[in-house]
Structures are given as structure tokens and as C-alpha cells.
Amino acid sequence: MATTLLVQNSFFNNNNSNNTPENASQKHINTPKTRNPRVEISSGSSNYTRLRTKQSKSSKTVIEPGTLTLTRDLQSLVDSGSMDDAHHLFDKINCLDIYIWNVMIRGFASNGLFREAVDFYRRMESEGFKADNFTYPFVIKACGGLLWSIGGEMVHAKLFKCGLDWDVYVCNSLIVMYMKVGCVECAERVFDEMPVRDLVSWNSMINGYHIVGDGVSSLMCFKEMQKHGMRHDRFSVISSLGASSSERFLKSGKEIHCQVIKNSLEMDVMVQTSLIDMYSKCGIVDYAERVFSRIFSRNVVTWNAMIGGYVLNAHFSESFTFLKKMQEDDKLSPDAITMINLLPSCAQLGALLEGKSTHGYGIRKGFLPHLVFETSLVDMYGRCGELKMAECIFESMTEKNLVSWNAMIAAYTQNGRNKKALKLFQDLWSNKFHEPLTPDAITFASILPAYAEMATLGEGRQIHALITKLGLVLNTCISNSIVYMYAKCGDLHIARKLFHGILCKDVISWNVIIMAYAIHGLAKRSIQLFNEMREKGINPNGSTFVSLLSSCSICGMMDEGWDYFNSMRRDYGIEPGIEHYGCMIDLLGRSGNLDQAKHFIEEMPLVPTAKIWGSLLTASRKNNDIVSAEFAARHILSLEHDNTGCYVLLSNMYAEAGRWEDVERIQGLMEKEGLEKTVSCSVVENNSEAHRFINQESSHNKLHMIYNVLDILLRKIGEDVYVHTVTKFRPPNLLRKRAKSPVNHSVRLAISFGLISTTVGNPVLVRNNTRICEDCHNAAKKISEITKRELIVGDPKVFHHFRDGYCSCGDYW
DNA sequence: CAGGAATGTG
């Protein structure tokens, strides 16, 4: 791995000595200065100009303390960011005054050393100096930087005492601080009560609303400002463009673009960058390109915005083209944000190699550790199926936020590692290892698929309640996942009810409900819903057809299946993907035509995956065709040599055919691979308590009664002689198999327990982690008949509804 | 005898 990462990739040139980001940003600094110095003074950009003003060389051996020279030296140290040196010099000064203290506090605050700024302020006060109107803006900024709202409020309270609560600079700092800590009302109060408001006050409000995520108020404030006769500047425009982007308000974005032109701000590179971002986020990448093409001096940020725009609008290959252009045309080196922008492209294209070279480039350039970069890497590796790498990065991260956790949880669920996902989700809650984090919509969207696969109905209800409590149920994406979860947990009724309750149904809502009926074996309803969806004017997408074709294959609806398969390209312009072909192979397998299925695999334009061969394997098993099964298994194992299910299925087939030497051979192979057969487990709930059973269960507290019930049931359905007929021909070394006879399979135990612990009239719901075996399927049918109870048994793929001696699956699964 | 607040790409 390490070697792959360190391989120089053609995407990144880092030969040119002149293309460092440092040089790039200096180029950018020079631009505003040369253009019009006077305008720049009134509209700011002090950060940069300050850096380049008076570079009088400071010598630390200053002779006369307390003189003007000393103060100047201190200032230039502070301005160049050398706070350590400044601190040393400060300690040497004998006659301190408020001015010198202010220089130090400003130095800390503007260099991001907020803690130190506050400490210095405290020290100053304790030494008897009184803070003045210059001190407070720095201190308030430091409180904001620390997100320390209590400190900010304390300072605010002091201002009234010393009568500085009206100072424009002080109030502006308060607005920024309150917005930063998220206290919009406090910021609004300060703004409303200011006797005099200047441009900065308005701009701070506009930007403040934007950073708290209230783009609407930000844009309203921008308009309000003009009504008050206040002329906007580049700061106002940049912030309100940001607000337009985050709200995806193309119209207001365009209006601001007009203002930009009217006020001759269109040559400002920051404004141009904001415009690119706005147009990209509003989905008009051509406009963004047009703005981009007119920029004379582009910097890394501009390029990043453009590359990010391409990625956002799914122009993945353009994003890489622009990476090259950026390096060749403008001799600029990509920075960490370029990488972060590119990683989703790698993920979407499944371009693992590019992903790895992006990672490698980040390592070589020293961009790591970097919270966002690492999180994007976790996401990329997760999506590319490189779970180990994702895990490795996540675990090594020194700092993690909710987004990082979400990315790792999603990586697990996307790669079918549901147990790990659930474990991580639990760790997120228990704040043993980190600051408490409250899951958000993305967390739930990521974890719900794992709940769908693993949870009991009761656990499903719990997570649903939690989502409701956090006020996230109105989120369509989450509602969709909840509907699917209930269906997968066995409660189709609730799933349907919740589906109808979704206010803004999107195409995914429909896909989910169609799939819900599919897994419960109700294809007619699936098709009905598909028609209903079209009547409502919702355009189906590829996933809709996965749901629909699954439904047809689960229920064995041959003709309908082929009709939909042919129609998707012809009527909807949707090219069948690998999943669609998979459904069709299931369908062919069901009809028993294995040759046709094999032919179909050979003919299809996509490279068959292990899953495709898995469909053929299942079909071979159902049709008792060992030769086809071996053929499919060879393909599966060449792609996934650790596919436990494949070994087990083949071994079972050999066992049924009495080919014991082959059974042993497979067992040997599994041992060599270090694989163990999945322990079958059946879960049934009673009083919201999950009761888990394994084959030959021996630890349940009502074990005796359950076995008695099972005995009675088996006698009634005439299976009590079964044990001897099956096992008597087995060779001695496989006699231990005897214990594994289906009579004591977990499903039967769960059903028995379910029957005695639930009210008559309610169905018995059992969830299985493996497919139900044929013997148990037969037994369940008979049990449903003699007990007159509905039994619902879910396996990883479908739900069997046993009623009156029949199963909804039509005996094919 | 100086000094202060707000901005673009993740």
C-alpha cells in the first residue's frame, strides 16, 4: 500500500519550484494594492496589507526600553506573526502602557492564539491597566474564536459599565462573536440597539446570518441595507453570494451578479470566486465556466471553486482535466482543498487509483493530518470498497467530527458490514472516547440500512422514536430509510402507513415502497404502485426498475419481468445496470432454465460480478444441478475467495447428494481460508425483548417448554420419524452432522417460542440471518396449517408469509 | 506617537 501511495502520479506535477501556494497567494495579495489603494482602505483587506507594510528589521537587542523604537519593533514582530519573539520582547519592557498591551492582545487574536489573547487581557487587568475601546474588539474576537459564548457575554456586560457599549468597532466585534457562537438573537439585539451603524455592521450581519446557515435572512439583510441607503461593497457581495449558494437561490444570485457589474466589482477575484461557487451550487456550471474564463489572475481558490463546481455537478472527468490545466496553465500547485474537492470524483468514478494518488500526493505535500481531508479519504475508500483503508484512516485520525463518524458508518453499511456500523453508531453515542456528538440526518441515513438488515422490530421502533425526538422525521431521505427499515423488519403495515405520511415523496420513496412489497412477495401491489407513481408524474430511475424486477423475480412473474426489462431502455432511456441483469438471472433461474441463464450472463454487456454468479449458484441449487453450481462457484471464488456462503451452499449440495468426500474437501478449503460457517440465528420478539435462538439452542430459559412444544408440533405434522431417515446413511466421521439435523433448527425453535408467547390472531414474526432450509420451510407451512396462525419468517432476501399451509414465496426463494 | 471590526474554495 505504502508504495502505491508514494508513486508519483501524472495528475500532480510538483517539479516546478515557482508554483508553491505561497507564491500564488502573494501574487494575489499584490493585486488589490496596485489597483486602487484608496478604495482598498475603505473596504478593508487589512490582513494582507498589514503583512506587507513596514518591514523594519527588528533586532532583539534594543537598548532603550520604553521608547518608540521598541514599540515599533514589537508591532512588526506581531504583524509578521512571530508571537514568541513578541512575547520575549514584551517581557523585557519596563514601562508598559495600554497601547503595548493592546498590541500584544491584537497579535494573539489575529494569529489565532485566542486562549493567549484572553489570558493576556486578564493579566493586563490584574496588573491594574484598564481596557479601552481598542482592547475590546480583540478580546471579543478571541472569545468568538474560542466559541466561548460565556466569556463573550462577560465582556459584553463589562462594556456597559465602562460606557463603551455604543462604540461601532466594539459593537461590530460583538455581532461577529455572537454569530460565530450561534447566538443570532444576541447579535440582532446588538445590531438593533447600535446608535450608529456602518458598512461593517451590515456586512457582519449579512455574513453572520450566512454562517449560521440562515441564507434567507442574510439575503433579506442585504436588501434591507440598500433600503437604508447603505451602499454595498465586496464584503457584502461575497457574503450574500455565499447565502445564495447555500440556499441554491439562483435568482438572487443573478441579481447580485448584476449589482456586481453595476458597482464595478466584477474584476475582484474573490467576488469572481464567489460567483463561480454560486453558479455551481445552483447547478449552472456553464455560467460558472463563463465567469471563470474571464478571470485574469486566477489563484488556487478560484481553481478549487471551479473544480469543486464540476464535481458537484457530476462532471467528474472535467474536474481532473482542470486539475491538469491548473498546474500547466497557471503553474499552481493543488492544495489540500483541491484534493478534498477531487476525492468525490474518484469515488463516483470508482477510480481507486486516482483516489490513492490523491492520498499519496497529500502525504508527500504534508497536508495530513487534516480533518476534512481525512474524512474525504474515508468516504472515498469506503465508496471504492477499500474498507480496510477507510478504517485505517478513521482510526488514525487525531481529530474527528460528526462528518467523519458519518463517513465511517456509511463506509461500513455500504460494504455490508452492518455489525461494525452498529457498533460504531453506539460508540458515537457513548462519549467515552470523544466530545459528545448528536447524530444528524446524515448519521441516520447512513445507519438505517444497517438497522434494516440487522434490527428487530422493537429496535427499529426505538431508532424511529429517537429520530422523531430529534426532529428529523420530516426529512424525506430519512423517512424513506425508515419505511424500508420497517419493511425489512417485517412490518409492512407500518411501512405502508409511513409511506403515505411522507409529505414530499421523491422517486426514492416510491422505489422503497415498491421494494417493500417485493420482499414480502406481493408483486401485484408493487406493479400497482409503479403505475400509481407514473400517474403522479414521477419519472422512474434505475433503482425503480431494480425494485420492480426484484418483485417480478421474487414472485416468479416471468412475462412481466421481461416486459419491464425491455421497457426500461426503450421507454425510459435507462440502460440496464448490473443489478438489473442480476434480477433477470434470478428470474431465469426460477424458471429452471439454467442454460438460458448462463447464456444470458455470457451475452450481457457488463462484466459479471460475484453477485451475478451468486444468482446462478442459487438457481443451480434450487434446480439441483451440481455441475452448474460448481461452474458458478468457481467464478465466485475466483472473485471472492472468502465467500463463505458459496462454500456452504456447495457443501450442502454435496451432502444432499451423498458426496461426502466433496463435503470434506470443501470443509478443508474453508479451513484453509480461515472461514467459519455463519451461525444461523433466529430472532423472535416478546414484550419488546429479543429472543435469539441458534440451531440446537441450549441456553434459553424456557428451553424445556419450547422443545416440548416443538415435539408436539412435529408429531402433529408427522416429522418425528425424519431424524432417522436422514442420518442413517452418513459415514461415521460425519456423524456429528446428526446433531445438525433440521429438526432443531433455530427457525423452528423461534416459531415454537413465538407461538406460545404471542396472542392468538397476531402473526408470529421471526427474523433469520440465513436462508431458511427446505425442511424448515415445509415444516413451517404445515405448522401454519395446524395451528391456524400466520407465521412470518424473514431471511436476508425475502419474507415468507406462511398461512393455511402455503407460503407467499410459492416455494421458491 | 501610534492601534481596532467584516470576505471566496472543504
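In what follows, every chain begins at residue 1, and chains take the letters A, B, ... in the order their sequences are listed.
- Atoms CG (Asn102(A)) and P (dA5(B)) sit 11 Å apart, rounded to a whole Å.
- If you check every strand for non-hydrogen atoms under 4.0 Å, Phe138(A) touches sugar and phosphate atoms only.
- One cannot find a donor-acceptor pair under 3.5 Å joining the base of dG8(B) and the side-chain atoms of Ser274(A).
- Distance CE (Met339(A)) to P (dT9(B)): 18 Å, rounded to an integer number of Å.
- In this structure, Phe134(A) does not pack face-to-face on the six-membered ring of dG4(B), missing the 5.5 Å centre cutoff or the 30° plane limit.
- When heavy atoms are screened at a 4.0 angstrom cut-off, Val200(A) is found touching base atoms of the nucleic acid.
- In this structure, Asn401(A) reaches neither bases nor backbone, as no heavy-atom distance under 4.0 Å exists between it and the strands shown.
- Note on Lys281(A): only backbone sugar-phosphate atoms sit closer than 4.0 angstrom, heavy atoms only; bases stay farther off.
- With 3.5 Å as the limit, one finds no donor-acceptor pair spanning the side chains of Ser274(A) and Asp277(A).
- To the nearest angstrom, C1' of dG10(B) lies 14 Å from CG of Leu368(A).
- Asn203(A) has its CG atom 6 Å from the C1' atom of dA6(B), to the nearest Å.
- The side chain of Lys180(A) contributes no N or O atom lying less than 4.0 Å from OP1 or OP2 of dA6(B).
- For Ile238(A), taking side-chain heavy atoms from C-beta onward, the closest of the listed nucleotides dG10(B), dG3(B), dT7(B) is dT7(B).
- Out of dA5(B), dT9(B), dA6(B), the shortest distance to the side chain of Val176(A) is found at dA6(B).
- A salt bridge does not link Glu153(A) to Lys158(A): none of the charged side-chain nitrogens sits closer than 4.0 Å to a carboxylate oxygen.
- A donor and an acceptor atom, one from each side chain of Asn406(A) and Asp379(A), are nowhere located under 3.5 Å apart.
- Side-chain N/O atoms of Asn172(A) include none lying less than 4.0 angstrom from OP1 or OP2 on dA6(B).
- Looking only at atom types and distance, the side chain of Tyr99(A) has a donor-acceptor partner in the side chain of Gln75(A) under 3.5 Å away.
- Side chain of Asp198(A), nearest nucleotide from dA5(B), dG8(B), dA2(B): dA5(B).
- If you take CE of Met306(A) and C1' of dT9(B), they are 12 Å apart, rounded to a whole angstrom.
- If you take CG of Leu174(A) and C1' of dG4(B), they are 13 Å apart, rounded to a whole angstrom.
- Under 3.5 Å, the side chain of Asp167(A) and the base of dG4(B) form at least one donor-acceptor pair of N or O atoms.
- Closest to the side chain of Ser173(A), out of dA5(B), dG3(B), dG8(B), is dA5(B).
- Residues Met124(A) and Thr135(A) are in side-chain contact: their nearest non-hydrogen atoms beyond the backbone lie under 4.5 Å apart.
- Side-chain contact annotation: Asp330(A) with Asn299(A), donor-acceptor N/O pair under 3.5 Å absent.
- Rounded to whole Å, atom P of dA6(B) lies 12 Å from atom CZ of Arg106(A).
- Put simply, CZ on Phe367(A) is 16 Å from P on dG10(B), counting in whole angstrom units.
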